[in-house]
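FYI, side chains are in, hydrogens and waters are out, and symmetry mates aren't considered; it's all heavy atoms of this structure. A note on names: the letters A, B, ... follow the listed sequences, proteins ahead of strands, and every chain is numbered from 1.
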Amino acid sequence: MKKRSVAAILVSGLIVSAVLTGCTGSKTTANPQPSASSQNQVVNVFSERHYETDKQLFEVFTKETGIKVNVIEGKADELIERLATEGKDTQADLFITADVGRLHRAKEKGLLQSASSDMLVKNVPENLRDKDNQWYGLTVRARVLVYDKDKVNPAQLSTYEDLIEPKWKGKILVRSSSNIYNQSLLASFIAINGEEQAKAWAKGIVANMAREPKGSDRDQAKAVVAGEGDLAIMNTYYLGQMLNSADPEEVKVAQKLGVFFPNQNTANGTHINVSGAGVTKASKNKENAIKLVEFLTSVKAQNDYAKANFEYPVNKDVEPSDLIKSWGEFKPQNINLTLLGEYNKKAVEIFDQVGWK
Amino acid sequence: MRTLRFLVNKLNSWSVLSVIFIVLILSPNIDILIHMFTKPNENWLHIKTYLLKDYIINSAILVVMTGVFCTLAGTIMAWLISAYNFPLRNFFKWALILPLAIPPYIAAYTYNGILDYTGVVQTFLRNDLGIQVNPRYFDIMSIYGAVFIFTMVLFPYVYMITRAFLEKQSASLIENARLLGKNSFEIFIYVILPISRGAILGGATLVALEVLNDYGVAAYFGVQTFSTAIFKTWFALGDIDSALKLAALLMLSVFGIVLLEKILRGRKKYNLTSKVRPIIRKQLKGAQAFLAVFICFVFFSFGFIIPTLQLLQWSILTYEKILNIYFIQLMFNSVWVALVASVLIITISVVIANFSRIEDNWFAKLISKLTLVGYSIPGAVIAIGVILFITQMDHQLQWLYKMIDPNSITLVLGTSIVMLLFAYVIRFLAVGYQSVESGFDKVGKKFFEASRMLGKNVTQTFIQVDYPMLKPAIISGFALTFVDIMKELPLTLILRPYNFDTLATKTYEYANNEMVHEASIASLIIILVSLCAIYLLYKLGDKEKI
C-alpha cells in the first residue's frame, strides 16, 4: 500500500518539476534576446552589488527607457571567471563590482571594452573612471578610522602611518586580509609609498592589533565600543547602516563612535575605493549598457545611492546624504584608482608575509 | 574476443546508464584536473612558505575535533533514543534531526549575533544586571567557535544513520547483553560501539566532508582552511594552477578519509537482516530519565531552538522593511530546484548502486567510488568546471539550436537552469549515493539472485523486489539531498540563470552587506522548508520500517 504513495509522490514530483523546468527554461532562454529585435530591448548585468537600491533603480530605468534589465548577482571573482569562460558567447553586457581592483582585473583579462558618451564624461570625474573608458565609478567609499568618542581624543589621530607607532600597541581592530577593501588599502600604500614602506606598515599594524583579524567591518565597530581595542579601520557606509539598524543596541553602539578621516594634512588623503561598472567586451547590447551606466550616474540615481546606502556619490552635482555630511568633508587619496588593481596581488603577498591573517 | 564477449554480456541498460552518468559527472572536472600536473610556480612557493602549514593544521583541527564531538554526541543520542524510554523520547527522536535544517554559515552569523557586544547575552548583562563583562569571554569567532557551530548543526548526520542502524539491527545483541547482566555503560562500550561502527563512520565521514568543504563559517570567523585558501589563491593571487593544486590536496585528504572509513569498517558486513524487529526499550526513571532528557534537550536547543529563536526575533525587527510577496517566488524557486535535483540524484544513485552491486568487480567499484568526486571539490571549483563544460556542449549543439530557431543564441544550456541542476547533481550525488548504497548493502544479493533465477530481468527485479525493500534508504537519501540543496550557496550564486533568486541567494545578499538582521527572514524560510521536508519524510520513513 505505502509503496504506491511514495512512488506516486516521487513520480508526481518529477512530473511537476519537469513541467516547471520546461516553463522556466524557456522563459530564461527567451529573456536574453539578441539586440536585433527592437521591441524587446534588454541589458544583461553581472553584478556584485547586492542592494535593494540597485534593483529599484533598474526598475525605474526599465520604466523610463523600456529596456529590461536582467541580473545575475554573485561574487566579483566568480563572475569574472564566468565571463572569461563564456568568452565571446556571453550574454552579459555590463559588469558591476563593489571594488575597483576587480574592475581592473576584468580589464586586464580583456573582458571589458571602451565605451564613452558625453554624459558619462560629464557625470563621472576623471579620477573615478578608467583612463581607457573601460569602467566608470558609480559610488565612492572611504576607508577611515572609527573610534570610541568617550575614550579616544581625535586630536591623537593623524595618519594611517601613525597607527604603527608603539602607542597603539594592542589597540587596532581590523578585519582579515582576505577582504578586498583591506587589499585595496594596502595597494594604495604600495602605490604611494612604495613596497618597502607598505610592508613595514602592514607589519606594524599586525604588531599593534588588539586581536586576530576576524568578522566583518561592523564587528570591528562593535569591538571598539566593547573595549577590545581603541580604533577600527572600516568603511564609512557600514557605520551609516548601523545608525539606521533595526536593532536599537546597534544604533546605541554606532552613536558612541566617531569618524576620523586620516592623512588630511599630508600629500595624500584618505583612502577611497569605488564600486563601478564596465561594458563587457562581448556585449551584444552595448548601447543599452551605456544607457544604463548613464542612468546610474545621473543626478536622480546618484541621489538614491547616496541616501539609501550612505555611499558618496561620484556625480559632483549630487550632495551626499545629511548623515555623511555630518562627518565632514575630506581630501581623498589623489592616485589613479587603476593602481589599486595593479598592486592587488603584491598587497596579498605582503599580507601573507607579515602574517596578517 | 573473449573480453568483447564479456563486455557484450554485461551490456544492459543499467551498466550503460551508469557509465554515461559517470562520464557526464567527470567531464567537467577533467579540465580542472589537468591543471593539477602543471609545474609549481612562484605563487605555490609563496603558499608553501607562508600558508600551507596553517591550512593543514587548521583544517585538521576542525575535522578531527568536529568529527570526535559529532560522533560522541550522535552515537550517545542514537543509543538513548533506540534503547530507552524516557519523557519526550518520541519528540526528540525526530527533533534531533532538525539542526540539519540550519545552514552552518547562518548558524555562525546567528551565534555571533547572540554573543557579540550588541547581542542579547551581553546586552542583558550590561543593561539589566549592570555587569560589564570582558567581551573576550563571549567571543565565538575562533577555530573552537567554528568547531562548536559545526558540531551543533552536523551531529544529526551521525545520529540519524546510527539510530536507523541500531533500531533495526541490534535488538537481539542488546537484549542478550542485558540478560547477561551488563550495565548500560558496558553495553554502550562493548556492544553498541563495535556493532554500529559502520554506521557511525558513515555519518562521521559526511560530517568530515562538510567541514572540509565549508567556506562560509571559516571565512567569517577568520579561520584559514583549505577551502578559504583555494578561494584566496584562485581569486586574490589569480592563480588557477596553484588553487587546483590545493584542491587536489583537499581531494586526496577526502579520499584518505573515505579509505580510512573502509579500513575501519573492515571487510565484515553484519547481515543481520533476517530478523528485523525493534528493540524492547528499557524504561528510564528518576535521575537517569532526567539526564537523558537533559542531553537531548541541550543539543536540540543549541542546534535548533536557540538560533531559530534569534532569527525569529530579528525577523520581527525587520519584516516590515523586508518581507513582501516576492518571498513566495523565492521559496517556490528554492523548493523546485531542490526537488528536481534531488529526484535526479536519487535516480542516478539507484542506477549506479544497483549496477555496482550486481557487477561485483573492480570496474563497478571504481564507478561507485567516482560518485564521491563532486563532494570532494569546493563548490566554486565545480562551478567553473561546469561553465566550461556546458559552454562546450552548447557549441557542439549549435546545429540543433539553429535548426529549431535560426536566431538562437549560442549559450542555450548555459543561460538555462540546466547548468545549475547539472552542478547540483555533481556536487551532491555522494550524499544521495551513500544512502542508497547502504540500502543495497542491507538488502544484499540473495533476493536479487532468487528473482533472476526465477526468470525476471534486472529491471523487473528492481521494480518488484529491490525497490520495496530500498524505500527507506531512498527516502532518507532524498531528504538529505533536498535539504542540502536548499542550503547550498556558492553554486546557486554563480550558476543560476538571469533574474533567478532563491532563499539562499537572498540570505547571502543581505549577509554579504553585513545586514545580518535583514537576512533573517530568508534564513528562517529555508529552515522552515527544510523542517517540513525532514518531518514529512521522517514520518513516511518511520511507517515503512515496522
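- At a 4.5 Å heavy-atom cutoff, the contact between A/Asp89 and chain B is made by backbone and side-chain atoms alike.
- Neither the backbone nor the side chain of A/Asn179 has a heavy atom closer than 4.5 Å to any heavy atom of chain B.
- With respect to chain B, the highest number of heavy-atom pairs below 4.5 Å among A/Lys252, A/Glu228, A/Gln183 belongs to A/Glu228.
- B/Leu493 CG to A/His50 NE2: the interatomic distance, rounded to the nearest 0.5 Å, is 6.5 Å.
- You'll find the side chain of B/Thr118 stays beyond 4.5 Å of the side chain of A/Met242, heavy atoms only.
- Contact of A/Ser178 with chain B is not made at all, since no heavy-atom distance falls under 4.5 Å.
- When heavy atoms are compared at a cutoff of 4.5 Å, A/Val225 approaches chain B by way of both its backbone and its side chain.
- At least one donor-acceptor pair closer than 3.5 Å links the side chain of B/Tyr498 to the backbone N or O of A/Ala92.
- Only the side chain of B/Asp54 has a heavy atom closer than 4.5 Å to any heavy atom of chain A.
- Contacts of A/Gln241 with chain B are made by side-chain atoms alone, with heavy-atom separations under 4.5 Å and no backbone atom involved.
- Of the two parts of A/Tyr237, neither the backbone nor the side chain holds a non-hydrogen atom closer than 4.5 Å to a non-hydrogen atom of chain B.
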* To do: Determine, stepwise, if the pair A/Gln353 / B/Thr49 fulfils side-chain contact (heavy atoms from CB on, under 4.5 Å).
  => CA-CA 9 Å; A/Gln353 285 160 9; B/Thr49 320; over 6 Å; no

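- Summarising the local packing, NZ of A/Lys203 is surrounded by 12 or fewer heavy atoms from other residues, nucleotides or ligands at distances under 6.0 Å.
- A side-chain donor-acceptor contact under 3.5 Å links A/Glu52 and B/Tyr510.
- Within the 3.5 Å criterion, the main-chain N or O of B/Met141 finds a donor-acceptor partner in the side chain of A/Lys214.
- In this structure, no portion of A/Lys346 lies under 4.5 Å from any heavy atom of chain B.
- By the neighbour-count criterion of 12 heavy atoms within 6.0 Å, atom CZ of B/Phe138 is densely surrounded, having more than that number from other residues, nucleotides or ligands.
- For chain B, no part of A/Arg49 is nearby; none of its heavy atoms comes within less than 4.5 Å.
- Atoms CZ and CG, from A/Arg82 and B/Leu495 in turn, are 6.0 Å apart once rounded to the nearest 0.5 Å.
- Using a 4.5 Å cut-off between heavy atoms, B/Phe221 touches chain A through its backbone atoms (N, CA, C, O) alone.
- Here CG of B/Leu51 is found 4.0 Å from CG of A/Asp352. Values are rounded to the nearest 0.5 Å.
- In terms of non-hydrogen atom pairs under 4.5 Å with chain A, the most contact-rich of B/Thr123, B/Val516, B/Ile390 is B/Thr123.
- At most 12 non-hydrogen atoms from other residues, nucleotides or ligands lie less than 6.0 angstrom from CD of A/Glu212.
- Among A/Ser216, A/Ala76, A/Pro213, the residue making the largest number of heavy-atom pairs under 4.5 Å with chain B is A/Ser216.
- Between A/Ser245 and B/His517 the shortest heavy-atom distance is OG-ND1, 3.7 Å.
- To the nearest 0.5 angstrom, A/Ser176 atom OG is 12.5 Å from B/Tyr220 atom OH.
- Between chain A and the residues B/Asp139, B/Ile47, B/Asp394, the largest count of heavy-atom pairs under 4.5 Å involves B/Asp139.
- With salt bridges taken as basic N to acidic carboxylate O contacts below 4.0 Å, none links B/Lys506 and A/Glu73.
- Closest non-hydrogen pair, B/Asp116 versus A/Asp219, comes out as OD2-OD1, 4.1 Å.
- Of the two parts of A/Ser177, only the side chain, counted from C-beta on, holds a non-hydrogen atom closer than 4.5 Å to a non-hydrogen atom of chain B.
- In this structure, the portion of B/Tyr508 lying under 4.5 Å from any heavy atom of chain A is its side chain and not its backbone.
- Contact of A/Lys88 with chain B is made through the side chain alone, with heavy-atom distances under 4.5 Å.
- Highest contact tally toward chain A, considering only B/His395, B/Arg126, B/Gln122, B/Gln224, is held by B/His395 [criterion: heavy-atom pairs under 4.5 Å].
- Looking only at heavy-atom pairs under 4.5 Å with chain A, the residue among B/Arg496, B/Met515, B/Glu518, B/Gln313 that has the most is B/Arg496.
- Between A/Glu249 and B/Val120 there is no side-chain heavy-atom pair separated by less than 4.5 Å.
- Heavy-atom contacts from other residues, nucleotides or ligands closer than 6.0 Å to NZ of A/Lys357 number 12 or fewer.
- In this structure, A/Lys151 places its NZ atom where more than 12 heavy-atom neighbours from other residues, nucleotides or ligands lie under 6.0 Å away.
- Among B/Thr505, B/Thr228, B/Asn127, B/Val223, the residue with the largest count of heavy-atom pairs under 4.5 Å with chain A is B/Asn127.
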